[in-house]
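Let me begin by presenting the structure, written as structure tokens, before commenting on it.
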Amino acid sequence: MSLGGYAGKLLRVNLTTGKIWSEPWTPEEMRLYVGGVGLGAKILYDEVGPRVNWDHRDNRLILATGPLAGLPVWGTGGLTVVTRGAMTNGATSTQANGFFGACLKFSGYDAIVIQGQAPRWAYLYINDDVVDLRDARHLLGKDTWETQDALSAEHGLSGHQLSVYSIGPAGENLVRFAAIQGDYGHVASKNGCGAVMGKKRLKAVCIVRGTRALAAADPRGVIQAADDIAHDLKTDPSARSLYEWGTLPAVVGLYKMGVLPIKNYTTNLAPPNVNMADWEGPKLRQGFDHRGHQCSACGMHHCHMQVIPKGKHKGELVDEPEYEGWSGAGWAIGCTDPTAVAWLNTRIDRACVDVNEFGWLCGWVMEGIEKGFITKAQLGFDLGWGDAEGANRLLQMISHRKGFGDLLAEGVKRAAEKLGGAAQDAAIYTVKGASPRGHDHRARWDEMLDTCTASTGTLESGIPVHVTEVGLPPRINPFNGEEVARQVAGILGRRHFEDSLGACIFTTRTRLENMCRALSAATGWNYTVTESVSFGRRTAAILRAFNLRCGIGPDVEYPSKRYGSTPTDGPAKGQAVGEQWEKMLDTWYGLVGYDRKTGKPKPETLKKLGLDWLLKDLWGKKR
Amino acid sequence: MAARHLIIGAGTAGLNCIRTIREEDGGASEITLVTAERPYSRMVLPYYLDRSIAESHVFTATAATLATWKVKTHIGRKAASLNPQANALTLDDGTTLEYDDCLIATGSRAVKAPVPGADSPGVHSFWTLDQARAVIAGIAPGSHVVMVGAGFIAFTILNSILSLGARLTIVEIAPRILPRMVDDKGAALVEAWLKKHGVKILTGVALTKIDDARGKKRLRFKKVGDLLADLVIMATGIKPNLEWLQGSGIRMNHGILVDDHLRSSVPNVYAAGDVAEGKDGVTGAPVVHAIEPTAMEHGRVIGANMAGRDVAYRGSLNMNIVEVLKLDVASFGAWDASGAEAFTGLHPERSAYRKLCWSGDRLTGAIIIGQAGDVWTTNDVGMLKGLVQTGVRLGAWKEHLRRNPFDVKPAFIASRTTARLLPETTLGRPSRAPELPTTVTR
Amino acid sequence: MKVLKIVPEKCTGCLRCELACSYVQTGAFQPAKSVIRVSPYEGHTSYAPYTCTQCAEGWCMTACPVGAITITAAGAKDVVDDRCVGCKLCTIACPYGTIFYDHDTRKAFKCDLCGGAPACADACPTAAIVYAEAETADWLADFAVERSARLLAIGAR
């Protein structure tokens, strides 16, 4: 009898040999590593050595879910992808939702650990005990939605009877910021996890909704905790608009703070012909044929499908853009026509690249054409600000590595470094290689600091909600580097805890205490907030140790020139993060207990986190 | 109207008829029941065979129930002859019973293959309760059971035989199994499944003789070698019990011919169940289904009519379902109509098969095979029945089902099948819950 | 009589009803054992739950050879477990496809309206399932027609 909340087994797949097996994991391991990124980090550290680069066949692609997946807690279809990613060539933790986690758990597995490289393109098929690798050559070239359509038809299963996570052409062609997309609109997008999947010649993972039972130690307790979490989400000011409108209100909300990135960070002001009132959350849903498209057990009015109401693409079904879509496929590239953004955003999901990186890249190309550091001749066509059709043309060039698209497929950092000069100065990236989220972090220093210091290819500190629970002040001055660093350090690892549960970043926007209660009811543990905090920090330390072993240290924890520049207009005009950066790092390092010089978690930090086994690797004599 | 109703046979048809009369008239009329055996359900005998239910569970009406229903009973008696002119039935003990109207529901009996030794001890049929008792007494763990015949009846007891720990060999004279339940493709899938699970199957073999060999039965065949069995079960067909009606003047073909109210050629004599040749729900043609659901519908419609209501019989749907070793096999309607347009879908690795048969854009028959655990596929079974039963026009959905014969749900719902079904009742009123017989222990 | 009224436009396909239903049925979370099933329309863009209408005919009930299906005080057709032998006749008699066979328990199972407090309606976060006094109806057809026109048109191409 497995522990409640867990299926109890990990599914192992060796693509090189075709061997497939499952292995149990113990209740002790479950408590230590929980699931998702916690579990993935440990496997990554144990099995992927420093010479196993992202494109090495021995790299692991870990598709993990967690103990709450498949339970009635809102938004618990969670998938966390852990691998050595193509953007940083370091650790990766990136999430998507949909039904992956629920389907996997009902099939009897908590995670899939994929290694090797398939001799020819394959997809992984899971139907309870029947697990095999099948020929995927007929799926090549299909985008992610077409792939899911084809597999649905092939297996005679529809809707959520099948969960398919796949790569599109971008992944097949090893675009460095390729993503993994599933269930029509859910994307694990960060750090080039789709390129890893492409390198492994794995086109898709296709899970028939499992038929097994998932027990909870205290099922009534799980339902009760789920109700309490739902109550927080519906009523707490930090979550309520999310509940009602998903991330749509963020467009205007962040604009007011100077956090909405506009035209590759060249301004923070909307063009005069745009009325920001038209970008209010409710307005963005008006005029579209709207259909809720929620993840497993979710009550948020967040994920939606919509039908393009007018124009060239009238009638096309698209996934309603998330905030990141409005930003990456919209404002960041100067596109302020909601219909065009909605259309382009889904093209991006279907080709399957990270929408943030695409925004930074496309915006940079557009600025380049405008300023002349990229020529029309180089690009092969003219691409002006806001041109969604042109952006799609660029997307297709990148996805198929055609012409200039081949260089762009390396991501904006590498492309900009290649071109140098003004081109390099204009590009938004972290020196480490991670793509920032779709914000103007020059007015959101906490996320800039997190993006630069995190070992995941994206963030690891979490959204600062209910921070008083962990002893932090309820509000900070966002332009006081010291306060920002204290906050980021103070919630280090919260995201890892969320991303280990099999839940969603938005439905975990409740008190940790509630999440711990749900976890305890599922498993029968007495899991405390203190334990969740130290779990998050433990996971962060393991990922950091992994990255250090890969040669990724404090020397790359910096924003690019444009990314770390000072806004010249808008609400954050003149706020210079660059001036406070070193001080922020000093404070952060001190508080998280890492060595400022080497970046290593200090011995006492490791001991406190129960990571004595890492001591020798990090601090022991060189062998 | 205090009529005298005479019910001959206490199987599914007879008991449903009695229950319906009482639902309608509350006990006002006189009901007499003639039955050779205590009322029980043949449908559940396989579950008695593997001892998942007690013998008492098979009985469908106890003496107490019949008394509550105010039914006069002649249990253990057989009908010997019918005199429709005199409205009288003579029993095998010479008793004569008069009636105002009468139901013939004498059912059918198992017939064995006409080979020497078929009637010797150790060669069983599995049809009646007594025969079930004999088979139970004859099977022990490790016994080798040879099943002669691979039709529906044989398949209903495969699970039970195997769960008793017996080894099983099936021999069938036809070139394939389940000839009257699924098509060739479906049969091949089921056969492969059974073989994979250790059941030996020999098709296209003609049994010539059964003799005794040192306490075992030796089965001899035309072309293949002998088989030695501890126990032989012959599931080689059934035959309606109609002989006693010779000379009664009741018109018969394969069964008693009935009109749209299930009346025979003699208006106050009804026929139901395995002896009735009633209207098929899909084709409208007269047919003997010899299946439980048809007997039930016959019985209920007749009961209402006997009670004085005018309830027309719309015809029943031929349908069967059997599960063998967690593989569900079901078929509906005109699944084998020759020349009918048909779509098929096959997922061999899941042992999943679909066949959809069409007349224009209406579904007229279907076969569905799938692993019981493959719930997302096998649960469409009822919807397929609904589509065949209503004959709803599927329009553009037909093409969708050609591409994906497994995606039945949206077709069913968007074709407004539910709206068609909701007002449908067999008796023109909501059905009532059956009175549950008190379980008897002997 | 109170019935499960389905408001398909409100369904988002989160399948929480199936979790709740299976929990009531089995004590664990196992959508395969749910008797309310959410199915997709227009490929994957629209969803609606579907369950027993507690129809007037009660095809399952009349088909049962051992009288194992009865009508509860809440008006639901309900399987009496210790009478049911698991012959599956009800599963092919029901033309709606809303009674199922559980090969673990070897019994038929169906919606019994949770004795008058349906868990699916409680669990639905968008009130797409409402337990209300109403005449039962074909709740889904109009929605399904609208939400499949595109699919059929694409197929016809």
Side-chain angles (χ1 to χ4, degrees), chain A residues 4-5 70-77 99 102-103 105-106 128 145 148-149 152 158-162 183-185 209-216 219-220 222-223 226-227 230 234 243 289-307 315-319 522, chain C residues 7-34 37-50 100-105 119-120 122-129 143-144 146-151 153-155 157:
Chain A
L71 297 179
V73 179
W74 283 14
T76 46
F99 282 78
C103 284
K105 293 275 286 287
F106 292 126
D128 286 342
W145 288 26
Q148 186 150 2
D149 287 345
S152 267
S158 56
H160 299 317
Q161 291 174 351
L162 203 64
D183 295 346
Y184 303 102
R209 195 171 194 213
T211 65
R212 294 172 186 285
L214 196 53
R220 276 304 323 167
V222 171
I223 293 167
D227 287 347
K234 285 187 205 177
Y243 164 72
D289 170 4
H290 259 275
R291 302 160 183 205
H293 185 62
Q294 257 62 302
C295 301
S296 188
C298 192
M300 305 286 276
H301 298 275
H302 175 213
C303 302
H304 276 241
M305 283 283 171
Q306 56 186 203
V307 183
E316 273 186 44
L317 290 166
V318 297
D319 183 38
Chain C
V7 191
E9 294 78 8
K10 291 189 175 177
C11 176
T12 66
C14 80
L15 278 53
R16 207 163 183 260
C17 52
E18 297 187 6
L19 293 179
C21 179
S22 66
Y23 168 62
V24 173
Q25 305 274 339
T26 69
F29 301 98
Q30 188 177 17
K33 298 277 171 80
S34 171
R37 299 274 168 90
V38 176
S39 49
Y41 298 88
E42 200 104 285
H44 48 78
T45 63
S46 302
Y47 297 85
Y50 180 79
F100 309 100
Y101 173 72
D102 183 337
H103 61 89
D104 296 326
T105 61
C120 54
D122 279 348
C124 179
T126 58
I129 308 166
F143 172 82
E146 187 221 316
R147 297 294 167 94
S148 51
R150 184 189 317 271
L151 177 76
I154 291 166
R157 256 190 236 149

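Per chain, numbering begins at 1; letters A, B, ... match sequence-line order.
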At a heavy-atom separation under 4.5 Å, does [X] approach chain C through its side chain, its backbone, both, or neither?
X      : answer
A/D319 : neither
A/R220 : both
A/H304 : neither

Could you pull out the closest heavy-atom pair between [X] and [Y], with the gap in Å?
X     : Y      : answer
C/L19 : A/G70  : CD2-O, 3.4 Å
C/A48 : C/P8   : CB-CB, 3.8 Å
C/S46 : C/F143 : CB-CZ, 3.8 Å

Evaluate the side-chain proximity of C/P31 to C/L15: yes if any heavy-atom separation is below 4.5 Å, no if none is.
->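 A side-chain contact under 4.5 Å is absent here.
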Side-chain contact, heavy-atom cut-off 4.5 Å: C/Q30 with C/Y23?
->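 Not touching, per the 4.5 Å side-chain cut-off.
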Choice from [options] maximising heavy atom contacts with chain A below 4.5 Å:
options                    : answer
C/R147, C/K33, C/E9, C/K10 : C/R147
C/T26, C/T12, C/V38        : C/T12
C/C17, C/C11, C/S22, C/G13 : C/G13

Can you tell me how far the CH2 atom of A/W74 sits from the SG atom of A/C298, to the nearest 0.5 Å?
-> 6.5 Å
What distance separates C/Q25 CD from C/S34 OG, expressed to the nearest 0.5 Å?
->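 So the gap between those two atoms works out to 7.0 Å.
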Out of [options], which one racks up the most heavy-atom pairs below 4.5 Å with chain C?
options                        : answer
A/A230, A/G210, A/G159         : A/G159
A/K105, A/K234, A/R291, A/R209 : A/R291
A/A213, A/S158, A/G75          : A/A213

Step through it carefully: locate the ring centre of C/Y47, locate the ring centre of A/H160, and say whether they are under 6.0 Å apart.
-> yes
Chain A contact via C/E18 - which portion, at a heavy-atom distance below 4.5 Å | side chain
Atom group of C/T126 that falls short of 4.5 Å from chain A, counting heavy atoms | side chain
